[in-house]
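Worksheet: one structure, shown below.
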Amino acid sequence: MKKVIIILLGGVLALGQCTSNDPTAENVALRGSASQSSLDYGGLAQAAIDGNREGNYDEGSCSHTEMETNPWWRVDLLGVYRVSSIVITNRGDSLSERINGAQIHIGNSLKNNGNDNPKCTVISTIPPWESISFNCNGMVGRYVNVFLPGYSRILTLCEVEVYANPVPVEDINFASLAPTTTIPLTENISLGKTTSQSSTFYRGRADNAVDGAHGTCIRTRDEADPWWRVDLLRPHNITAITITNRDDLIAEMIDGAEIHIGNSLENNGNNNPLCTVISSHPAWETLTFQCHGMEGRYVSIYLPGCHKSLSLCEVEVNGMPVPGIESPSGIDSFVRFWNMMSSSLKSEKTKEEPIPQHRDVQRVKQCSDKESVDENAASFGRATQSSQWDKFGDADNAIDRKRQVKYLHGSCSHTKAETDPWWRVDLLQSFNVTSVAVTNRADCCSDRINGAEIHIGNSLENNGNDNPVCAVIPYIPAGQTRTYQCHEMEGRYVNILLPGREKYLTLCEVEVKGRIPQTESYKESAYNETITYSENVALQGEASQSSQFDGLTYARNAIDGNRDPSYDSGSCTHTKLQADPWWRLDLQSIHRVTSVTITNRGDCCPERINGAEIRIGNSMENNGNNNPVCAVVSTIPAGQTITYQCNGMVGRYINIIRPGCFKFLTLCEVEVDATHVPGQILMNPGSFDGDKFRGSQCSVRAPDNAASHGKATQSSTGYGGGAQRAIDKNRNPVYNKGSCTHTQGENDPWWRVDLLKTHRVTSVTITNRGDCCENRLNGAEIRIGNSLRNNGNENPICAVISRIREADTITFECHDMEGRYINVFLPGKYKYLTLCEVEVNGTAVSDASHGNATQSSTGYDGDAGKAIDNNRNPMYSAGSCAHTKLQADPWWRLDLQSIHRVTSVTITNRGDCCPERINGAEIRIGNSMENNGNNNPVCAVVSTIPAGQTITYQCNGMVGRYINIIRPGCFKFLTLCEVEVDATHVPDHLMMDPVILDSDKFRGSQCSVRAPENNVALHGNATQSSTSYDGDAGKAIDNNRNPEGDCCEDRLDGAEIRIGNSLRNNGNENPVCTVISHMQKADTITFECHDMEGRYINVFLPGKYKYLTLCEVEVNGTAVSDGKLKSLTSESQSTSPSTAVKKPNLKLKNVALRGKATQSSVHGTGFALNAIDGNRKGHYLSGSCTHTNAQADPWWRVDLLRRYKVTSVTVTNREDCCAERINGAEIRIGNSLKNNGNSNPVCAQISSIPAGGTITFQCEEMEGRYVNIFLPGTEKRLTLCEVEVHGTAAKSPRGQLSPSLVERVVMRRGKLYFTVKMPDQGQKKRSKKRNQA
């Protein structure tokens, strides 16, 4: 018998397979850090960059904000990248529309949480479950924001992928970056360095913060002044320090911590110079603090206070070694020398001076009593409150000098739920209050204090709640105490007011520090000078500003003592339109500023003060605009005057800056109530990073949009403002910059852009003029349609512009209105129309949607017209895909109704399964209906389209009326989810003569179902384990391959072909020829059996509750001669039927089962041994699959414990996700452990294995002890669910093993233990020597 070939034909449906993104770009979001505006329903920001596109929210892989105004999500890429595209996956349920209107921003600024960075695009919509890619054209930035403008909005993202390449340091334009921009110019020099801390709580070791993993954290015990320190081993110039906070309910532990850098270990390094103070650090976020090249070897994080615990999850230090110091090798030698000297010194019995500690006895005494409070002004006062909750919540409890933080212990106040609850202490006389300390409740409800205001004054109007504000309490962690500086505000009454409805106010202790003021003058200031009563010192100062609008608007006008709010009075300042306009007052010497009073313009434009910041300090950095903030001017009504309290801030310069792009700043009077600080002329300039003004990123470049490719016109042109200016992709709002349109004064002026073809318009974005005349756009109408009647001004209305502020850009949603013409129409008499930019976001409407579609047949309700319904949804259940029956040469045709010149054809493939049903399809275009149009010339051949994706094929102006898509072949389906045709009508033609090009002529498939006659199975008798649905066993050998490939292709997966002469277990224990990993629907596949001998051919499908369906089985081989058959029969009489085959010792076992496995790394529970446990389960959570970490060139290896001639290696892939991770892996076999065995010869390369599939690779008796699976590449993960190695033992180099070799397999607690008994060759040699003697 020379050859046995088994051919199986399964009639079945293909399953969908996942496809990966463009491999040329890297998804850098995976290693970033995510945050968002709020958290709801457990939707962590990090879930959107977990590498999982799962759209089912319940699977825990989507982010989710609260319902709020302008929600946002942000990923910090931890470096500057050039972003080519961003892919966003939407949730898959009925709430998918929440993403509509979201904006993608990219840049380096964190101003407004990064939402002011340049815009990449606006997301009009993303269908449920879908992933859509947005092209960002190489925009550069570190931060990628998804920002959803509007009220009561919720932002949900199931995956955000950022495909980008890093920007080399030398290519970064540092001058264009905001001062806050952090560029990681150096590596993290703290990794693996020596660390220490004041104490250790549980497993929070100090080295956890420098292990490169954000999930392991340090933590000290509850103590006074805890600290953590890293030794960099040599001095460095530190540019930045990045800290990752913990992600649980005690993330506020780090608040108030100080970062110190220096070369001293005095006070454990906590006396070194201060880099910054961490005011607040949100849970799980990673924040970077700039240290501006501070020099030092030690970096300390020090948390001052009593009963504190310090916790950090990662500390990254960026810096460069200080020049002139020995190389790291020299430092290492020094460290070794120092350690050696320290050891020898310790061995001596001499006394040494103790190392200075940062906690002295007095400090310990101060922190010894957690609950006891020193006497303070409040403890002698009388307390009252707006209401009392119960007998435990008395107002006096808050001044009982006990910081007991559990409510039922009777030491906390508590109001009822009410509007604006308050608590007040009467100090019985007026005090200069320096600070107020508040202790919050610990047993529950710590957030009830959030937003409370501390008021101090002498008035009881509105129960004292109208007194001036000392501070607003953002939050106080449960059970903790926060102190608020009040800068000697004077008052008898201290109120804590909680504004809002249905609020409770609970206070566990309020402490007031201050002193009784003297009646006239007093001496006890910080500088020990006499302070006189304050006055408007602005009158004696000198003023300047960033620019001057005209000859009336000098900077000094604001300090002329005249509050006249009329611009024409000549008593107001005014800058030009610019970025970040500012005005500054130089008081000539340092003052303690009580308040700043501003009078706003009254004749027009009161909004030109909105958002201005009042800054006070001694630094002239950035023209003084980096000094600390006293207050932010939200708004001042026209012509009115408002006073802002600055609470004794000290400084020489008073700045008023209005941050933003294209802003005016106008001031009609500025008054400063302050007192001179004698003995000081000018302090050293200070830098306050916490309040530092960063500067606005003002890009005027508009993104590419449909309007920028159109043609513009308008009703008239005035002042040189041509219509085309509004579509030049330049948003500059200054008219004399030449980028704004302008009509003449006329009735009903209008402007129009022709998009050149019909579009489905999602939104229109308009930029208004900024230098004057903002109200000219008020009442303008945006109209969209295909009509030019009345110049297009009668088309349907998208929106009416009520108002756009000067220089602002506003987007109007148009909800997929269709039209070729976009008009901006301004009704009224004698109007001017000015537009600085008009942007149109939308997609061109396909010419296909106006045609008629038909197809060769219709299956599964997939009508032909569904492929031109303007819906790219690739999910078949959505009802938007065409589908033929299983047939020869299925086709689909579009009749465009007239002749067109076709530029391109775009096809969207099915996404839920069966993407191969488009493979090999031909796109044909022409005017002939011969063979249903399938003989027209070929535009392109579709090799493949990944599941759910859309690909465009260029047709280069081919002319025709009919667009055909035909898939030649026998037993084929054709499925199309959308066909779009980009074409232009060819005038003066209705129908050309039919054109037939023989070179392109489609011939039609010859589809015979007859099997060949040399099939020896035709003469056999068939049987099966059972019969169902009239599927008799004999139908598989009826010489008919007709597959009726209607379903269930995967039923054959895992079936075994067995050949032999035994009927034991119905023949299912005969030797295996092969295992069927997978067969596509209606396919016929041949399996080589290499001259195996046997009478019985079994197809055996192991598993629970399985169906076995076969459409044809063909066996190719030759009969064994009668003489050999007799010999075989005589052998069978002395052996069991199962051994009566040729060469029974060639029945190959899986020798991997007795081996030892290892791998390059282990992720979670994915141990190497899992791949040789005899279990092919493909679900990772079943615990039977290996898994490495993400790394370069991961590998797995089994040691077979001796050399084998390996005939084949069988690999089972993971099925629950990530099947593509195996792609490109190499199977290597040999005896060398060089490079961990990965340099041994290659047996095969794994191109791909379907999810959950098992594939056997022939190795042609390659010899070796080690079998490696090696996956070359960077950031790769290797997962294997089973590896089976079949082969025979190779001849031992010391001779054949003794037949007495005994093998025993023991099962113990679910693990396999192998015991091998080897022959005692050494004993035989000794016996031989004795015989010779």
Side-chain angles (χ1 to χ4, degrees), residues 1-12 970-971 1006-1046 1048-1049 1051-1102 1106-1122 1124-1125 1128-1129 1132 1137-1138 1140-1143 1146-1147 1256:
M1 190 170 183
K2 295 263 180 112
K3 194 175 189 182
V4 178
I5 301 176
I6 301 290
I7 300 178
L8 296 183
L9 187 64
V12 287
C970 303
F971 306 114
Q1006 303 298 314
C1007 298
S1008 171
V1009 297
R1010 295 287 293 174
E1013 297 296 334
N1014 61 349
N1015 170 16
V1016 298
L1018 292 175
H1019 310 292
N1021 294 323
T1023 185
Q1024 59 190 9
S1025 53
S1026 63
T1027 299
S1028 184
Y1029 304 102
D1030 297 325
D1032 299 328
K1035 290 183 177 180
I1037 55 171
D1038 62 356
N1039 203 25
N1040 186 349
R1041 290 181 176 176
N1042 195 319
E1044 294 296 333
D1046 50 352
C1048 325
E1049 69 173 278
R1051 287 183 178 174
L1052 264 180
D1053 293 358
E1056 301 170 353
I1057 303 172
R1058 292 178 174 265
I1059 302 173
N1061 292 296
S1062 170
L1063 283 177
R1064 182 179 177 182
N1065 188 17
N1066 292 303
N1068 295 317
E1069 295 186 2
N1070 282 321
V1072 175
C1073 161
T1074 192
V1075 178
I1076 303 170
S1077 59
H1078 185 68
M1079 291 178 63
Q1080 299 286 354
K1081 62 180 185 336
D1083 269 3
T1084 300
I1085 293 183
T1086 299
F1087 300 92
E1088 300 293 333
C1089 294
H1090 307 288
D1091 292 337
M1092 290 178 68
E1093 290 188 3
R1095 171 175 176 173
Y1096 304 107
I1097 312 295
N1098 280 48
V1099 180
F1100 171 60
L1101 184 59
K1106 297 279 190 176
Y1107 290 100
L1108 178 62
T1109 303
L1110 301 165
C1111 292
E1112 191 69 12
V1113 179
E1114 306 163 40
V1115 181
N1116 295 315
T1118 56
V1120 177
S1121 65
D1122 291 339
K1124 193 161 186 177
L1125 195 58
L1128 197 62
T1129 303
S1132 66
S1138 63
V1141 295
K1142 180 183 178 182
K1143 298 180 182 178
L1146 290 180
K1147 180 179 178 180
T1256 298

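- Remark: S1025 engages no residue in a side-chain hydrogen bond (donor to acceptor under 3.5 Å, both in side chains) (not counting sequence neighbours).
- Atoms OG1 and CD1, on T1074 and I1085 in that order, are 10.0 Å from each other to the nearest 0.5 Å.
- Although no hydrogens or angles enter the test, the distance criterion places a donor-acceptor pair under 3.5 Å between the side chain of D1038 and the main chain of N1040.
- Nearest heavy-atom pair across T1109 and L1052 is O-CG, 4.0 Å.
- Note: D1053 CG to L1101 CG = 9.0 Å, rounded to the nearest 0.5 Å.
- Among all heavy-atom pairs drawn from A1033 and A1022, the shortest one is O-CB, 3.6 Å.
- Interatomic distance, NE2 of H1090 versus SG of C1073, reported as 7.0 Å (0.5 Å rounding).
- From I1076, atom CD1 reaches atom CD of E1056 across 9.5 Å, with rounding to the nearest 0.5 Å.
- Separating the CD atom in E1112 from the OG1 atom in T1084 is a distance of 9.0 Å, to the nearest 0.5 Å.
- For the atom pair CD1 of I1059 and SG of C1089, the computed distance is 3.5 Å after rounding to the nearest 0.5 Å.
- Across all non-hydrogen atoms, the minimal contact from V1113 to I1037 is O-CG2, 3.8 Å.
- Side-chain contact between L1108 and Q1024 is absent, with no heavy-atom pair separated by less than 4.5 Å.
- Residues that satisfy the side chain to side chain contact (heavy atoms under 4.5 Å, CB included) test with N1068, not counting sequence neighbours, are N1065, N1066, N1098, F1100.
- Counting only distance, with no hydrogens or angles, the side chain of N1070 and the backbone of S1062 share a donor-acceptor pair below 3.5 Å.
- The side chain to side chain contact (heavy atoms under 4.5 Å, CB included) test applied to T1256 returns S1208, T1210, Q1258, not counting sequence neighbours.
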